[in-house]
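Sequence positions, counted from 1, serve as the residue numbers for this chain.
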Amino acid sequence: MSFRDDLDRAADWVDAYLASLGDLPVAADVQPGDVRAKLPASPPEQGEPFEALLRDLDELIVPGLTHWNHPRFFAWFSNTGSEPGVLAELLIAALNVNTMTWLSSPAGTELELTVLDWLAQLLGLPAGWHGHIEDTASTATVAAMAAARTQRPGGVVYASEQANFSNEKAARLVGLEYRTVPVDDEQRMRADFPLDDATAVIATVGTTGTTAVDPVAALARRCEQAGVRLHVDAAYAGSAWVCPELRWSAEGVDQADSVVVNPHKWLFTPMDCSTLWTRRPEAFHEAFALVPEYLAATESAIDIKDYGPALGRRFRALKLWAVLRWYGAEGLRALIREHVRLAQLFAELVEAEPGWEVVAPHPFSTVCFRHTEADNDEIARAATATGELFVATSKLDGQTMIRLAIGNAKTTEDDIRRSWEVLKSCA
Ligand SMILES: Cc1ncc(COP(=O)(O)O)c(C=O)c1O
């Protein structure tokens, strides 16, 4: 079989998968060990045709997958492996360039810097900041903390008690103490805590629990006065800033030292792609620029490896470029607005139903809700077991809530209404 035939087979497979995805059970119905038990314990001695892999993909792997690209996947923060993203991933693998330095990939480096400037414009971020791509927000925040540490080593990192746990991991990894700050009754980080011993503050726009927006502007003013670095974790909600009417949630971000936004969460880009901007590239450079003999810098060029933890870097800019060009600013705004509308609709359905309540404000596309009497973990489990949808639970003030996070480009109003019917019937 020729590569060309296999390419066609893979294309057919992807096309059929995406076309029938909405009919598959969203979450896998398997127990730990089920998939491994079906896989050979050792690799084949002789090479096998690609077709054999596709067959096993259908028979062994797909039945054990939870389908993140499904229009009724609403767990954690749902996302989209969009068509331009899928196509670009194929090109990225074929090119297989490593964007560690300018010399290792001149066009890769310059495309990445350009696409980050494009995205900064789309999100309304300040012009002239350095932007580059990390694999995840977890890594981007490690980079931001390492940069903050260059100014004040040995201090404390403060973040909301509702902040994502990756913030604590980042502080720990760079050897900084981590302390949480209480939230107000809308789950926003309070801004009146002492900063004397602080190295950095991490504010979140769109917390993982309830998508609350911390008071970034107030924190920025205090950090500026105290000489403390402010990093903004907008991993989920930063994508909303493509819509001017949602930019209230970016207030003060232009006064921060760095910000991370995950296109792999709510900007229709397949895993993984996390975008990081900073007004202080020199601090990142100081933290990360180790230049071995074999990687001598090119004069007047930027080597992106000098701004983050990784040396080898995938050509992720290509897929972000593909996504931004395919949808255009208009297309991105339309999708984000539709998701916000669908979240509003879902919240209204919940509020209108006796025995159910929405438990937190829903400024973006995620609704946190609960049944006031039934066991919400059980409802989520039963709803997911139907195969119709996938929702996850979390806790708020000690009580279980269900989160419905909308983020897939193919999710329709019909998906939302159908999911609500299933949830109600499971209660
Ligand atoms: C607010 C927030 N920040 C950071 C992260 C971590 O993102 P990543 O998985 O890209 O490391 C998450 C993950 O859901 C998140 O919700």
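Of the options D6, D12, D5, a salt bridge (Lys or Arg N to Asp or Glu O under 4.0 Å) to R9 is made by D6 and by none of the others.
Of the possible polar contacts, one joining the D184 side chain to the E186 backbone as a donor-acceptor pair under 3.5 Å is found. Checking side-chain atoms of T269 against main-chain N and O of L320 turns up no donor-acceptor pair under 3.5 Å. In this structure, Q255 contributes its side chain and C223 its backbone to no donor-acceptor pair below 3.5 Å. For the pair R279 (side chain) and W129 (backbone), a donor-acceptor distance under 3.5 Å is absent. With hydrogens and angles disregarded, no donor-acceptor distance shorter than 3.5 Å links the side chain of S20 to the backbone of D23. Although no hydrogens or angles enter the test, the distance criterion places no donor-acceptor pair under 3.5 Å between the side chain of R229 and the main chain of A144. Side-chain N or O atoms of T150 include one that pairs as donor or acceptor with a backbone N or O of A147 at under 3.5 Å. Side-chain atoms of H70 come within 3.5 Å of backbone N or O of L21 as a donor-acceptor pair. In this structure a side-chain-to-backbone donor-acceptor pair under 3.5 Å is missing from D197 to V156. Side-chain atoms of S274 never come within 3.5 Å of backbone atoms of E134 as a donor-acceptor pair (strictly under, hydrogens ignored).
Distance check, rounded to the nearest 0.5 Å: OG of S365 to CG of L335 gives 11.5 Å. Taken to the nearest 0.5 Å, the CZ atom of R222 stands 4.0 Å off from the CG atom of L195. Taken to the nearest 0.5 Å, the CG atom of L389 stands 5.0 Å off from the CG atom of L423. Note that the CG atom of D254 and the CG atom of L125 stand 8.5 Å from one another [nearest 0.5 Å]. Rounding to the nearest 0.5 Å places CD1 of I336 at 11.5 Å from CD1 of I406. For the atom pair CG of L111 and CG of L116, the computed distance is 9.5 Å after rounding to the nearest 0.5 Å.
Sparse packing is recorded around CD of E251, with 12 or fewer heavy atoms of other residues, nucleotides or ligands lying under 6.0 Å away. Within 6.0 Å of atom CG in D8, more than 12 heavy atoms from other residues, nucleotides or ligands are found, so the atom counts as buried in its surroundings.
Residues Q162 and M189 have side chains not in contact (no heavy-atom distance under 4.5 Å, counting atoms from C-beta outward). Between R314 and D272 the shortest side-chain heavy-atom distance falls below 4.5 Å. Under the 4.5 Å side-chain criterion, counting only non-hydrogen atoms from C-beta, R188 is not in contact with V183. For the pair R333/P244, a side-chain contact is recorded, criterion being any heavy-atom separation below 4.5 Å from C-beta on. In this structure the side chain of T393 never reaches within 4.5 angstrom of the side chain of R381, judged on heavy atoms. The side-chain heavy atoms of N69 and N408, taken from C-beta on, include a pair separated by under 4.5 Å. When side chains are defined from C-beta on, I133 does not count as touching T99, because their heavy atoms never get closer than 4.5 Å. Side-chain contact between D233 and D214: absent, with no pair of heavy atoms (C-beta onward) separated by less than 4.5 Å.
E177 pairs by the salt bridge (Lys or Arg N to Asp or Glu O under 4.0 Å) definition with R179, not counting sequence neighbours. Considering only residues two or more places apart in sequence or on other chains, Y178 meets the ring pair (Phe, Tyr, Trp, His ring centres under 6.0 Å) condition with none of them. The side chain to side chain contact (heavy atoms under 4.5 Å, CB included) check on E282 picks up R280, with sequence neighbours excluded. When the salt bridge (Lys or Arg N to Asp or Glu O under 4.0 Å) test is applied to D192, the partners found at least two apart in sequence or on another chain are R190. By the side chain to side chain contact (heavy atoms under 4.5 Å, CB included) test, E245 is found to be paired with C243, R337, residues two or more places apart in sequence or in another chain being considered.
A salt bridge does not link R55 with D58: none of the charged nitrogens is closer than 4.0 Å to a carboxylate oxygen. A salt bridge links E338 with R341; the closest basic N to acidic carboxylate O contact falls under 4.0 Å.
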Would you be so kind as to tabulate the donor-acceptor pairs closer than 3.5 Å made by side chains of residues 198-213, with sequence neighbours excluded?
from: T199; atom 1: OG1; to: R152; atom 2: O; distance (Å): 2.7
from: T199; atom 1: OG1; to: G155; atom 2: N; distance (Å): 3.1
from: T207; atom 1: OG1; to: T211; atom 2: N; distance (Å): 3.2
from: T207; atom 1: OG1; to: A212; atom 2: N; distance (Å): 2.9
from: T208; atom 1: OG1; to: N164; atom 2: ND2; distance (Å): 3.0

Contacts table for residues 294-310: side-chain donor-acceptor under 3.5 angstrom, sequence neighbours left out:
from: D303; atom 1: OD1; to: W102; atom 2: N; distance (Å): 2.8
from: K305; atom 1: NZ; to: L290; atom 2: O; distance (Å): 3.4

For residues 167-174, dump all side-chain donor-acceptor pairs below 3.5 Å to protein atoms at least two apart in sequence or in another chain.
from: E168; atom 1: OE2; to: R172; atom 2: NH2; distance (Å): 3.4

Listed pairs under 3.5 Å, donor-acceptor, residues 71-80 side chains, sequence neighbours left out:
from: R72; atom 1: NE; to: E388; atom 2: O; distance (Å): 2.6
from: R72; atom 1: NH1; to: D415; atom 2: OD1; distance (Å): 2.8
from: R72; atom 1: NH2; to: G22; atom 2: O; distance (Å): 3.3
from: S78; atom 1: OG; to: A405; atom 2: O; distance (Å): 2.7
from: S78; atom 1: OG; to: G407; atom 2: N; distance (Å): 2.8
from: N79; atom 1: ND2; to: H264; atom 2: O; distance (Å): 3.3
from: T80; atom 1: OG1; to: G407; atom 2: O; distance (Å): 2.9
from: T80; atom 1: OG1; to: A409; atom 2: N; distance (Å): 2.9

From CA spacing to verdict: side chain to side chain contact (heavy atoms under 4.5 Å, CB included), L60, V35: CA-CA 7 Å; L60 307 180; V35 177; 5.7 Å; no

Stepwise side chain to side chain contact (heavy atoms under 4.5 Å, CB included) test for L267 and T275: CA-CA 11 Å; L267 210 67; T275 47; over 6 Å; no

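Between A146 and F288, the shortest heavy-atom contact is CB-CZ, 3.6 Å. The two residues L119 and P263 have their closest heavy-atom pair at CD2-CG, 4.1 Å. When all heavy atoms are compared, the tightest approach of P63 to V30 is O-CG1, 4.2 Å. Of all non-hydrogen atoms in A27 and T384, the two that sit nearest each other are CB-CG2, 3.5 Å. Of all heavy-atom pairs between L311 and N98, the closest is O-OD1, 4.0 Å. A pairwise comparison of heavy atoms in L123 and S239 identifies CD2-O, 4.2 Å as the closest pair.
Side-chain polar atoms of H231 and T141 form a donor-acceptor pair below 3.5 angstrom.
Among residue pairs with one or both ends in residues 317-332, those qualifying as side-chain hydrogen bond (donor to acceptor under 3.5 Å, both in side chains) are E89-K319; sequence neighbours excluded. Within the structure, salt bridge (charged side-chain N to carboxylate O under 4.0 Å, His left out) contacts touching residues 106-122 (residues at least two apart or in different chains) are E112-R313. A side-chain hydrogen bond (donor to acceptor under 3.5 Å, both in side chains) check over residues 30-45, counting only residues at least two apart or in different chains, returns nothing.
Ring pair W420/F346 is perpendicular by interplanar angle, where above 60° counts as perpendicular and below 30° as parallel.
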